[in-house]
Amino acid sequence: MRQLPNVSHPNLLVGTSTSDDAAVYKINDDIATVMTVDFFPPIVDDPFTFGEIAAANSLSDIYAMGATAIAALNVVGFPSNLDMNILAKILQGGASKAAEAGIVIAGGHTVVDNEPKYGLSVTGLVKPGMEVTNAGATAGNVLILTKPIGTGIITTAGKQGNVSESVLSEAIDVMSQLNKSASEAMTEVGVAACSDVTGFGLMGHLKEMVEGSGVSANISVSNIPVIKGTHELIENGIAPGGTMRNLDSLSQVAQWEHRITENQKILLSDAQTSGGLLIAVDHEKSRRLLDALIVNGVKAASIIGETIKSTGSNKIYVSP
Ligand code: CO
Ligand code: CO
C-alpha cells in the first residue's frame with residue numbers, strides 16, 4: 001500500500017497517509033463509512049476453519065477503528081479443478097463468523113485462481129471524529145495487547161507437519177476469535193490509538209503507531225502474551241519468510257536491549273493472522289480498559305509497555 005499516492009478529499013477522514021487499518025469517509029456530520037478489504041490463501045487445512053479465520057481477520061480492521069461493522073462482500077479466488085464443496089465450506093465458515101459478528105454478507109465476487117483465496121470487503125459505520133486511528137497516541141499512554149502472538153510461526157510449522165495438535169488448535173482459536181468485544185470495551189472506555197496486529201507483526205504495527213503518532217515506546221518481552229508452544233517452535237528453527245522480512249524492516253526503529261535474543265526478535269516480528277488489538281490508552285483509564293476487556297471475555301489482554309516522548313526519530317525500546 002505504500003506505493004499508493006497520498007489521496008486527499010474533504011470527506012476522507014482517514015486515507016492512506018498513516019498506514020491505518022481502514023479508510024473512513026464522512027457522509028455527513030453524524031455518520032462516516034469505514035471501508036476495508038483483506039483476503040489471503042489458506043493457512044489451515046480445514047476449509048470451514050479457513051473461512052472463519054479469513055472473515056474474522058477482515059472484520060478486525062473495522063474493529064480496530066472503533067467502528068461498528070454492518071455488511072460485507074465475499075472476495076474469492078478458486079481453482080477451476082478443485083471440488084466446489086471445498087469452496088462451499090469456506091463460504092460457510094465466513095458466513096458463520098459474519099453471523100457471530102451480527103453483519104450481513106450481501107454478495108461477492110469469485111475469480112478463477114491457481115490457489116484458493118478468501119476474505120471480505122467490509123463496511124462499517126462510525127460517528128465522524130470518533131474513529132480510533134493508529135496516529136492518536138501521546139507520550140505516557142499505556143500499551144495493551146488483546147491476543148497472544150505466535151500464529152505465523154505455528155501455522156508455518158503446521159504446513160510442515162511439525163506442530164502438535166494442541167498448539168495448532170490453540171492458534172486456530174486465537175485467529176478465529178473476533179476482535180468485536182475488545183473493540184466494544186475500547187470504545188466504551190475511550191482510547192488514544194489502536195491498530196490490529198496482522199502481517200507486519202507486533203513490532204511492525206507498533207512501528208506504524210509510533211511513527212503515525214510521533215512518539216516512541218518501551219515494551220517488555222516478558223509482558224507480551226504468547227501462545228504456548230511458540231518458543232519451542234522458534235528454537236526448532238521455524239522462521240517464516242514474512243516474519244524474517246518484518247525483522248529486517250525494523251533496523252531503524254527497534255532498539256533491542258543487549259539481553260534480547262535472536263529468537264525473541266523473531267517472536268516479536270512474527271507475521272500474525274487475525275491478531276489482537278494493540279491499544280494506546282491514557283494512563284488513568286488503563287485499569288478501566290483492562291477490566292472492561294476481561295468482562296468482555298478478552299482474557300489474554302495484557303499491558304505490554306508504554307509510549308514515551310520521542311527525541312528526534314521514533315523508536316521502540318525492547319527490554320527483557
Ligand atoms: Co489492520
Ligand atoms: Co488489513
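We count ligands from 1, going down the list as the structure has it; atoms in each ligand are counted the same way.
If you check the side chains of Thr273 and Asn57, you find no donor sitting under 3.5 Å from an acceptor.
When distances from the Co ion (ligand 1) to the N, O or S atoms of Asp196 are compared, OD1 comes out shortest. When the Co ion (ligand 1) is compared with the N/O/S atoms of Asp21, atom OD1 turns out nearest. Note on Asp61: its N/O/S atom closest to the Co ion (ligand 1) is OD1.
Remark: of the listed residues Val197, Asn179, Leu277, Asn179 is the sole one forming a side chain to side chain contact (heavy atoms under 4.5 Å, CB included) with Lys147.
At a threshold of 2.8 Å, the Co ion (ligand 1) has no backbone or side-chain N, O or S atom of Asp20 nearer than that distance.
Residue Ile154 is grouped with residue Met175 when hydrophobic side chains (ILVMFWY) are merged at heavy-atom distances under 4.5 angstrom, including chains of intermediate members.
The aromatic rings of Phe50 and Phe40 are tilted relative to each other, their planes meeting at an angle between 30° and 60°.
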